[in-house]
Every structure is written in structure tokens, then in C-alpha cells.
K.L.:
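Handing you this structure, nothing more for now.
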Amino acid sequence: NPNDRFVYNRRLAIAQTSSVSMSAATSEPYVQLHPPPAKVGDALSQVDTPALCVSLDVLEANCDALAKLMEPHAGKVAVRPHAKACKSGELASMVLRRIKQANPDLECTGVCCQKLTEAEAVLHGGVCDILITNQIVGERKIKRLIDLAQAAHAKAPSAASVAVLVDDVSNLKAIAAAAEAAKTKIKVLVEIDAGQSRCGLPAPLDTDSTEPLRSLVASALASPGVEFAGIHCYQGMLQHVRTPEERRDKVNQQVVKAAKAAIAVLREAKMWKEGLTVTGGGTGTLLYESESEVFTEVQPGSFMFMDADYNLNQWPGPVPPFRSSLHVLSQVVSRTPPPRSRDNGGRAVLDAGSKAIDYGSAPPLVVASPSASVDGEGLRCRNGGDEHSVIDLATAELGQDATGADKFPVGRAVWLVPGHCDPTVNMHDFFVCHRDAKVEAVIPILGRGPGS
């Protein structure tokens with residue numbers, strides 16, 4: 001129980017309780033010298049700062065909104081939420097249950113992960129249908145992948161599925177050999193580069209680029225240790241194209257075009273069959289992959305939390321479908337009032353810096369409460385270094401109320417919407433989940449870290 005124990009070996013806990021090989025655990029305990037920032041039953045005013053907080057009401061509303069958005073595609077396109085956002089099996093299970101509750105006709109039985117650490121964490125939380133949307137390379141990592149698959153099948157023999165992306169024949173053969181030796185099977189999806197110039201085979205848009213795809217799939221079909229399960233075609237940069245019209249155009253021009261070309265090459269080579277998976281799409285573009293009549297699965301992740309960067313997107317319809325459920329709770333630790341400050345309203349310094357909240361995508365937003373939209377003045381923080389963020393108050397009215405009282409005295413709680421949810425989650429050990437101003441759950445983030 002994270003409320004009672006301050007020594008918590010994340011990897012050892014995963015290995016012991018999920019049947020993953022003990023080789024996945026560290027040889028020495030990971031010592032958590034500090035307690036969680038809260039315990040169940042605490043008022044929000046009692047939560048220590050900085051803390052990573054999740055509004056359960058908003059999280060559930062976001063799951064309901066996703067289920068509603070996908071209603072026209074139920075039965076044709078599955079939803080596989082991406083757990084790189086939450087890095088927690090408990091939270092991932094909660095999201096899966098809520099989506100299915102909101103739309104029983106929508107296929108939503110598994111999750112995506114980006115790293116083995118995340119996959120081990122979600123398995124620990126009871127999710128046994130896992131797609132790792134990344135390449136798993138190297139003897140140690142492949143051994144952990146095999147252990148993961150065996151543990152998933154031991155937990156849920158009829159429902160377990162562990163899949164991984166490949167774009168290299170030697171890596172494919174290494175996975176196949178390890179799986180065959182362990183008498184198990186790993187599903188593989190071939191990754192197609194849809195324009196991000198990252199991982200994946202080049203989209204086979206001309207005859208000169210078709211051979212790598214045919215060779216890789218032929219190798220998968222000939223390898224007893226793996227099962228060719230389809231293709232993965234995702235373009236992360238398109239998630240943050242701001243207007244829905246431009247997002248749709250770019251998805252069709254890049255992602256859908258690449259997926260169609262790959263399927264056509266494999267169909268001509270008699271390597272494609274009905275029922276194979278075509279997966280991709282994120283929170284920003286899932287509607288357009290879903291309507292393409294090519295994709296059979298989408299993998300949104302940020303929808304559950306949202307962030308300051310995603311909040312800059314425009315959406316079809318007058319109201320954005322998703323709201324910010326994830327906040328970093330901080331407090332004012334230093335206050336410089338005028339005239340000492342260069343700003344008319346002075347500045348307020350918070351105890352959450354770049355080690356507690358992401359600044360890479362957009363500056364964090366200041367909100368009045370975890371249920372509020374952007375503060376009336378639209379205040380943003382600037383990076384004050386590792387340990388601090390700074391709110392510059394450009395006018396006296398921002399720093400004082402009508403009676404002249406300071407709006408940001410030392411000790412005042414300040415709620416921040418992170419610039420990017422995924423890396424912010426990666427900085428914290430616990431989610432503090434709250435409802436009606438009370439802490440309802442404290443959940444360890446077992447999949448955090450650099451992602452081995």
C-alpha cells in the first residue's frame with residue numbers, strides 16, 4: 001500500500017505479482033525515501049506539493065466523450081488507448097472499463113505501450129492485450145518481451161495478446177528465434193513511415209520502395225515464432241496541426257496514402273488477408289483514420305489527460321470533446337511584490353519546476369481549480385529552473401484583488417496544466433486521484449522512467 005510504505009521497488013513488485021521473470025527486477029531494492037504526497041481521504045488542501053493530480057470526474061467524462069466520438073465507427077474500428085500517457089496498469093484498466101461502459105458496441109480490450117517498462121506496468125494492473133508501438137531490440141529486451149508474453153498468457157490464456165513493431169529483418173529473426181525457443185509466439189506489425197521520418201519502412205509509393213516491405217513480411221510469414229498481424233502507420237506530428245480541416249487533409253495525404261500503398265503491395269504479393277490490423281491515429285487525428293475505411297484500430301492516449309499544447313487544437317463543433325483532467329498542484333514559495341519586481345504586479349514563484357512539469361511543448365497554464373477552464377486572465381508560467389516556475393503578473397490587477405489583498409501570497413495552492421502530459425507523468429511517482437475535493441486513490445506510476 002503506497003499510503004503506508006515508503007520503500008517501494010517498482011520493478012520487483014511487477015515481477016513478483018505478474019509472473020514476469022525475476023530477471024526483470026533489479027538486484028537491489030529501489031528505495032523510495034519520500035512518502036506519497038497524499039493518502040486516501042485527504043482533502044485536496046492537504047496534498048503536498050508538487051503533486052500530479054487527476055480529476056476522476058473529468059477523466060471519466062473524457063472516456064465518455066471518446067466513446068461518443070467513435071459511435072459511428074463501432075464494429076468497424078477498435079480503440080486501443082495508448083498507455084504511454086498514464087504508464088499505469090490501474091489507470092489503464094480504469095479507462096478501458098469506462099469506455100466499454102459508455103459504448104458496449106465499441107471494441108476496446110487492450111492498450112498500446114511505447115516501452116517495455118510501460119508494458120510490464122500495465123500487465124501488473126491486469127491488462128493482458130498489449131501492443132508495443134516501438135521496436136524491441138537487443139537480447140535483454142527481447143528476453144523481457146518473451147517473459148511478458150508468457151506472463152500475459154498465464155494470466156489470461158484465451159484473451160492475452162502481446163504484439164510489437166518491426167522494420168528490420170534481423171530484429172524480426174531475433175524475436176522469432178527467442179519466441180520459438182520459449183515455445184511462445186509474438187505478434188508483429190510492420191511499421192510504415194507515414195512522413196515523420198522516424199522509425200518504419202519507407203511507404204511503398206513507387207516500385208523501387210516495395211522490396212523491403214515484401215521481404216520483411218515474407219520473413220515474418222516464414223518464422224514459426226512470430227505471427228504477422230498487420231501494419232502500423234502513425235504520424236505523431238499531425239496530432240498537433242491546429243485546424244481540423246488541415247489535420248484531415250494531412251492524414252489523407254500522408255497516413256492513409258501510405259497505409260493504402262502498403263496494403264496494395266502486400267495484397268499483390270498474396271501476403272495480405274482480411275482480418276489483419278491497420279493501426280495508428282492519435283487523439284488529434286483519430287476521427288480521420290477512422291473514417292478512412294482503411295484503419296481497423298486507433299490508439300489515442302492524451303485524450304484521457306489533455307495538456308496545454310493539445311488545448312491549442314481546434315476541434316469540429318463548438319465545444320472541444322476533451323478537457324484537462326491532469327494537473328500539477330504547486331504552491332507559491334516566494335512572492336516579489338512591486339516595486340521591487342520589474343513587473344507591475346510582481347511575480348509569484350512556485351515550487352514546481354522543470355523536474356515536475358513539462359515545458360518542452362508549451363508553457364504550463366495557470367487555472368483557478370482542477371475543474372476550471374483557463375484562468376480568466378489566461379496566465380502562463382515561465383521556466384524558473386529545475387525547482388521553480390514563475391508567474392509574471394503584468395498588471396497590478398493580476399496581483400491584487402479589489403480590496404488590495406494579494407492574490408498570490410506565499411503558501412497559496414496553484415493548479416497548472418502541463419505543456420505535455422506524457423513527459424510530465426514520467427517525472428512523478430504517484431497519481432493523486434481526486435473527486436469532490438477529496439483524494440479517492442493514490443496510484444503508483446510503475447511504468448515511469450527512461451523506458452528500458
K.L.:
Taking the side chain as C-beta and beyond, is there a heavy-atom pair between I391 and L393 under 4.5 Å?
P.N.:
yes
K.L.:
Run the salt-bridge test on K143 and D147 with the 4.0 Å N-O cut-off and return the result as yes or no.
P.N.:
yes
K.L.:
Is any side-chain heavy atom of C128 closer than 4.5 Å to a side-chain heavy atom of L123?
P.N.:
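Heavy-atom side-chain distance check passes, below 4.5 Å.
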K.L.:
Please verify the inter-ring angle class for H327 with W415; under 30° counts as parallel, over 60° as perpendicular, anything in between as tilted.
P.N.:
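Perpendicular.
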K.L.:
Within a strict 4.5 Å, meaning less than it, do heavy atoms of the T424 and F305 side chains meet?
P.N.:
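Not touching, per the 4.5 Å side-chain cut-off.
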K.L.:
Hey, are R448 and N426 close enough side-chain-wise for a donor-acceptor pair under 3.5 Å?
P.N.:
no
K.L.:
Mind checking whether Y310 and W315 have parallel, tilted or perpendicular rings, split at 30° and 60°?
P.N.:
parallel
K.L.:
Looking at D386, I'd like to know if its CG atom is crowded, meaning that more than 12 non-hydrogen atoms belonging to other residues, nucleotides or ligands lie closer than 6.0 Å.
P.N.:
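More than 12 heavy atoms, drawn from other residues, nucleotides or ligands, come within 6.0 Å of this atom.
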K.L.:
Are side-chain heavy atoms of R382 and V390 found at a separation under 4.5 Å?
P.N.:
yes
K.L.:
So does H420 get a backbone contact from the side chain of D358, meaning a donor-acceptor N/O pair under 3.5 Å?
P.N.:
yes
K.L.:
Which residues pass the salt bridge (charged side-chain N to carboxylate O under 4.0 Å, His left out) test with E60, not counting sequence neighbours?
P.N.:
R98, R435
K.L.:
One thing to verify: whether K76 and D105 come together as a salt bridge, which I'm taking to mean a side-chain N less than 4.0 angstrom from a carboxylate O.
P.N.:
no
K.L.:
Are N311 and S324 linked by a side-chain donor-acceptor pair shorter than 3.5 Å?
P.N.:
yes
K.L.:
Which pair of non-hydrogen atoms, one from Q235 and one from M237, has the smallest distance, and what is that distance?
P.N.:
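Heavy-atom minimum between the residues: OE1-N, 2.8 Å.
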K.L.:
If the condition is side chain to side chain donor-acceptor pair (under 3.5 Å), which residues does K100 pass it with, not counting sequence neighbours?
P.N.:
none
K.L.:
Is the shortest heavy-atom distance from the side chain of V333 to the side chain of H388 under 4.5 Å?
P.N.:
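Of all side-chain heavy-atom pairs linking H388 with V333, at least one is under 4.5 Å.
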K.L.:
If you count every heavy atom of other residues, nucleotides or ligands that lies below 6.0 Å from E293 atom CD, does the total exceed 12?
P.N.:
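No, the 6.0 Å shell around CD holds no more than 12 heavy atoms from other groups.
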K.L.:
Would you indicate whether R140, at its atom CZ, is surrounded by more than 12 heavy atoms from other residues, nucleotides or ligands within a distance under 6.0 Å?
P.N.:
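12 or below, so no.
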K.L.:
For F430 versus P444, what's the shortest heavy-atom pair and its separation?
P.N.:
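Closest approach of F430 to P444, heavy atoms only: CD2-CA, 3.7 Å.
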K.L.:
Test side-chain hydrogen bond (donor to acceptor under 3.5 Å, both in side chains) on H82 and D422 and set out the steps.
P.N.:
CA-CA 10 Å; H82 212 306; D422 298 3; over 6 Å; no
K.L.:
So which atom in P81 and which in L96 form the shortest heavy-atom distance, rounded to 0.1 Å?
P.N.:
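Nearest pair, atom of P81 first, then L96: CD-CD2, 3.8 Å.
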